[in-house]
Q: 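So that we are looking at the same thing, I have put the structure below in structure tokens.
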Amino acid sequence: MSATAGDQVRFSIGSSFENVATLAEEVSDLCKNRKVSSPDAIDVLRLCLAEALNNIVEHAYEGAEGRPIFADVRLKSDRYEVMLIDEGKPMPGGKLPDGSCEFDSDELDELPEGGFGWMLIRSQMDTVEYERRDGCNILRLEKTFSA
Amino acid sequence: MSATAGDQVRFSIGSSFENVATLAEEVSDLCKNRKVSSPDAIDVLRLCLAEALNNIVEHAYEGAEGRPIFADVRLKSDRYEVMLIDEGKPMPGGKLPDGSCEFDSDELDELPEGGFGWMLIRSQMDTVEYERRDGCNILRLEKTFSA
Amino acid sequence: MRFASEKVGDVVVMSLEERRLDSRTVAEFREAAREAFRDDCGFYVLDLSAVGFMDSAGVGALVGLLKYLGRHRRLELCGLKPTVRKIFRLTRLEKVFTIRDSKEACIAASRSLRSASRARG
Amino acid sequence: MRFASEKVGDVVVMSLEERRLDSRTVAEFREAAREAFRDDCGFYVLDLSAVGFMDSAGVGALVGLLKYLGRHRRLELCGLKPTVRKIFRLTRLEKVFTIRDSKEACIAASRSLRSASRARG
Ligand SMILES: Nc1ncnc2c1ncn2[C@@H]1O[C@H](COP(=O)(O)OP(=O)(O)O)[C@@H](O)[C@H]1O
Ligand SMILES: Nc1ncnc2c1ncn2[C@@H]1O[C@H](COP(=O)(O)OP(=O)(O)O)[C@@H](O)[C@H]1O
């Protein structure tokens with residue numbers, strides 16, 4: 001699909017763990033249809049969306065189902081940009097978790113079993129931006145890549 | 001994906017024969033992801049969207065590229081509804097072509113080579129509605145089916 | 001437009017090797033079919049078994065081919081997948097085309113047609 | 001959660017037969033792994049070759065399993081697809097887990113570990 005200014009897909013779903021998993025798959029399929037050139041970059045987007053969307057259901061909506069989530073997706077063959085919008089609770093401190101996750105690999109009992117999500121997002125996306133506006137969380141993920 | 005009131009996907013594309021063919025495929029993929037239960041009904045939607053979208057590019061936009069087309073898609077396991085919106089020329093007479101296509105199968109030279117599009121749409125959809133509003137063509141296609 | 005063509009006795013068989021026969025590919029198809037069927041044999045078979053998607057433009061192009069071949073050259077279709085077959089039914093073009101299951105069935109039909117006309121002649 | 005488990009000598013091998021190890025399947029996985037590894041043998045192998053998608057919850061559950069087994073039981077992972085392998089690298093958990101190419105490599109490692117400890121003992 002040739003890219004014009006208006007090329008965008010907006011997904012509107014109700015919050016649930018099942019719906020967000022489906023959405024991550026749908027965006028991956030869309031990448032393939034729109035000839036996003038890098039299979040690795042598609043895998044990255046699938047994972048990062050799954051992580052960010054799970055956080056929305058789990059933290060912003062505290063597990064509540066049926067609350068609105070929007071995903072605006074723009075794809076080019078060598079770049080993607082996704083905005084995730086929800087009406088849930090803001091990020092703690094009004095900003096993104098820094099995604100660092102320090103641990104001592106020799107201390108078995110101290111190893112974290114969670115908190116890897118933001119690390120995976122931040123380490124793989126070019127841009128991760130958070131904004132709170134009009135009672136909404138707006139998360140923007142963006143990445144440019146070569147085939 | 002469980003259906004909530006808000007479950008909708010809006011595709012925004014620029015007019016071109018290539019983009020609309022891609023869009024018809026994307027909606028079919030979405031049907032599969034959303035567990036639309038009938039493969040036949042998915043085939044029907046793919047074809048009817050291809051027909052209706054080609055008409056928009058060819059007739060509403062007279063082949064011009066990059067003009068806006070929106071497709072709002074709502075899917076349930078046993079029902080789909082799609083609204084196609086464009087800013088092109090209105091339908092002749094302000095209403096849908098009736099989609100009848102009479103011909104005498106013995107008169108080889110008289111056989112029509114076109115005009116089958118609306119026939120395929122009307123004969124396969126439950127509802128086909130057209131409205132001109134605010135300078136836009138709004139076409140609504142809807143179908144309920146069993147698995 | 002990829003296709004294979006073969007001559008079996010007096011019959012030319014064109015087998016499309018494309019998954020789509022639609023608005024985007026009909027122009028190429030028109031050219032390819034005239035190329036494949038340029039041999040003046042009188043009996044032509046178009047094998048559509050590779051085609052998974054056909055739209056109104058595709059079926060229109062087949063009508064065009066039928067008219068191009070005219071009354072004195074015969075065209076038969078075979079290998080239609082159910083979704084493709086359905087388009088012929090909905091447009092009522094199934095009365096206009098001869099549609100058989102396989103190219104073997106078309107070739108057999110050409111033989112009995114020929115022996116019938118020989119018996120008559 | 002579908003899985004196969006087998007005992008090869010003193011090693012228990014659990015092979016997941018699911019394509020996803022993620023937030024939706026970790027609860028089931030936790031249960032299945034405790035079931036598969038209930039045999040008190042000391043050396044456990046988890047074959048992930050069927051897994052095409054893993055997320056932070058999945059890798060978290062593997063840390064949980066490692067902690068559950070504790071210092072005196074050994075867990076090795078094998079069969080990681082590149083996308084799954086990458087998650088271990090990005091989270092720096094590859095330093096925490098022993099990861100080998102195949103279950104055969106894990107079983108061979110268990111043998112040399114045993115003969116080493118026998119030589120010592
Ligand atoms: N949309 C959100 N709204 C509020 N808080 C969020 C949101 N997303 C993430 N968080 C915060 O981010 C952290 C979760 O980060 P993550 O690395 O995914 O770990 P976890 O495995 O706990 O989900 C939590 O501390 C949570 O407070
Ligand atoms: N979006 C549209 N805007 C204006 N006219 C349209 C539109 N769509 C279809 N038409 C009209 O519908 C007819 C095309 O119908 P169709 O059955 O698809 O045949 P064709 O094979 O010619 O495209 C034309 O007569 C055209 O004037």
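Letters A, B, ... mirror the listed sequences (proteins, then strands); counts begin at 1.
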Q: Is it the case that more than 12 heavy atoms not belonging to B/Arg132 sit under 6.0 Å from its CZ atom?
A: yes
Q: Report which part of B/Gln124 has an atom under 4.5 Å of a heavy atom belonging to chain C: side chain, backbone, both, or neither.
A: side chain
Q: Between CG of C/Asp22 and CZ of B/Phe17, what distance do you get to the nearest 0.5 Å?
A: 11.0 Å
Q: I'd like to know if the side chain of B/Asn54 pairs up with that of C/Ser23 as donor and acceptor (distance under 3.5 Å, no hydrogens or angles considered).
A: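 Side chains of B/Asn54 and C/Ser23: pair found under 3.5 Å.
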Q: Taking B/Glu110 first and then C/Lys67, would you say they form a salt bridge - that is, a charged N and a carboxylate O separated by under 4.0 Å?
A: no
Q: NZ of B/Lys95: more than 12 outside heavy atoms within 6.0 angstrom?
A: no
Q: How long is the span from the CG atom in B/Leu108 to the CG atom in C/Leu69, to the nearest 0.5 Å?
A: 9.5 Å
Q: If you round to the nearest 0.5 Å, how far is CD of B/Glu113 from CG of C/Leu66?
A: 9.5 Å
Q: Between C/Leu62, C/Leu93, C/Thr83, which has the largest tally of heavy atom pairs under 4.5 Å with chain B?
A: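 Max contact count across the listed options: C/Leu93.
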Q: So which residue, C/Lys95, C/Arg71, C/Lys86, ends up with the most heavy-atom pairs under 4.5 Å with chain B?
A: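 Heavy-atom pairs under 4.5 Å are most numerous for C/Arg71.
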Q: Under a 4.5 Å heavy-atom cut-off, does chain C meet the side chain of B/Asp109, its backbone, both or neither?
A: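 Answer is backbone: N, CA, C or O of B/Asp109 sit under 4.5 Å from chain C.
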Q: Atom OG of B/Ser28 and atom CZ of C/Phe53: how far apart are they, to the nearest 0.5 Å?
A: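 Separation between the atoms: 8.0 Å.
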Q: I need the minimum non-hydrogen distance between C/Met54 and B/Leu47, along with the two atoms involved.
A: O-CD1, 3.4 Å
Q: Could you walk me through whether C/Ile87 and B/Phe116 pass side chain to side chain contact (heavy atoms under 4.5 Å, CB included), step by step?
A: CA-CA 9 Å; C/Ile87 290 170; B/Phe116 300 113; over 6 Å; no
Q: Working to the nearest 0.5 angstrom, can you tell me the gap between C/Arg92 CZ and B/Ser105 OG?
A: 10.0 Å
Q: Is a donor on one side and an acceptor on the other found under 3.5 Å between the side chain of B/Glu51 and the backbone of C/Ser56?
A: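 Answer holds: yes.
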Q: Please indicate whether C/Glu31 has more than 12 foreign heavy atoms, meaning atoms of other residues, nucleotides or ligands, lying under 6.0 Å from its CD.
A: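 Check fails, neighbour count at 12 or below.
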Q: Does CG belonging to C/Asp101 count more than 12 external heavy atoms closer than 6.0 Å?
A: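 Check fails, neighbour count at 12 or below.
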